[in-house]
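Everything on this sheet refers to the single structure shown next.
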Protein chains: 2
Amino acid sequence: MASSKPKHVEKSYLIRELAEEFNVTTRTLRFYEEKGLLKPSRIGATRVYSAADRTRLKLILRGKRLGLSLDESAEIILMYDPVGTNSKQILTLIDAIQDKRLQLEKQKQDLEQTLEDLQRAEQRCVESLKHIH
Amino acid sequence: MASSKPKHVEKSYLIRELAEEFNVTTRTLRFYEEKGLLKPSRIGATRVYSAADRTRLKLILRGKRLGLSLDESAEIILMYDPVGTNSKQILTLIDAIQDKRLQLEKQKQDLEQTLEDLQRAEQRCVESLKHIH
DNA sequence: CCACAAGTTGACGTTAACGTAAACGTAATT
DNA sequence: AATTACGTTTACGTTAACGTCAACTTGTGG
């Protein structure tokens, strides 16, 4: 057995692969990189995205669906990583996390309210259909 | 009793009042009007906003907090009003409402997922604080 | 009457989040 | 060698959602 045994080869992706999987353009991925949201490694000049990059992209896109800006998503992503190691930094981070959670809770209430409104609107439509007969 | 008795005088608002109440600029209110989202009446040249305008503004802003574009909010607002009166229009509207509801349900799931993630992140922070002691 | 506040309509500036195009390198296929 | 299919960087264009003037009119108190 001359070859070494890599226990767990991390999956990596080319820009085109990620782009297609998540239905974004390659331009978008490069743009996210410019903004510091993704840090693919390189083979020569070609970008190679790690599983971590993929996850972060997922988070960015989820953020977008929530109406967050890229900067906001960036903040959240930083919250997931253990960035600071001393107590003060961690306390600051906890604060930031709680802030974001409050904001999202508020958003959730707006969302639920809107859903209720839409349900009532639909109900009224159905009713008015009945009366037209 | 010479004076007539108005049973229910609808409240009306000046641009400044609405702006302050909702913490937007007057420029914003005029902008929404340009886009057809608000239709204040006029006394001379001065805009006078009705209670209905106020409600619509509320909906627009709630939409914004959800990350909706103005156009999307406009759509939703139209859904609340009974715009079309014949069966076909109503059926079309019901479809649109259901579409929007599906979209928002999806968004709600993203939101709940993110909230869970943040909760775990916070938990990890607290843990690492314990270990630092 | 006159200042001053608050209203109005343009018209141009700004930021975010990409799109689009030019001009080029590289690797495999024909 | 030439075409095709990717990749790269650099740079300018675009849309949404306002901000920021400038230049005006209108209403009110001193």
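What you see below is based on every heavy atom in this structure, not just the backbone, and it leaves out hydrogens, waters and symmetry mates. Letters go in sequence order (proteins before strands), and every chain restarts at 1.
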What is the distance, rounded to the nearest whole Å, between atom [atom1] of [X] and atom [atom2] of [N]?
X	N	atom1	atom2	answer
Arg27(B)	dT14(C)	CZ	P	15 Å
Leu70(B)	dT15(D)	CG	P	16 Å
Glu34(A)	dC18(C)	CD	C1'	10 Å
Tyr49(B)	dG7(C)	OH	C1'	11 Å
Asn23(B)	dC18(D)	CG	P	13 Å
Leu14(A)	dA27(C)	CG	P	14 Å
Lys64(A)	dA16(D)	NZ	C1'	13 Å
Leu68(A)	dC18(C)	CG	P	13 Å

Check: Have Asp110(A) and Gln113(A) got a donor and an acceptor in their side chains that come within less than 3.5 Å?
Finding: no
Ignoring backbone atoms, test whether [X] places a side-chain nitrogen or oxygen under 4.0 Å from the OP1 or OP2 oxygen of [N].
X	N	value
Thr26(A)	dG7(D)	no
Thr25(A)	dC18(C)	no
Tyr32(A)	dC18(C)	yes
Thr46(B)	dT8(C)	no
Lys35(A)	dC18(C)	no

Measure from the side-chain N and O atoms of [X] to the backbone N and O of [Y], and report whether any donor-acceptor pair falls under 3.5 Å.
X	Y	answer
Glu72(B)	Ser69(B)	yes
Arg62(A)	Leu111(B)	no
Glu112(B)	Gln109(B)	no

Tell me which nucleotide among [options] gets nearest to the side chain of [X].
X	options	result
Ala45(B)	dC18(D), dG19(C), dT8(C)	dT8(C)
Arg16(A)	dA17(C), dT8(C), dG7(D)	dG7(D)
Ile15(B)	dA17(C), dC18(D), dG7(C)	dG7(C)

(message) What's Ser69(B) touching, base or sugar-phosphate or nothing? Going by heavy atoms closer than 4.0 Å.
(response) sugar-phosphate
Result for side chain to side chain contact (heavy atoms under 4.5 Å, CB included) between Val24(A) and one of Ile60(A), Leu18(A), Leu61(A) points to Leu61(A)
Using only modelled atom types and a 3.5 angstrom limit, is any donor from either the side chain of Arg30(B) or the base of dT8(C) paired with an acceptor on the other? no
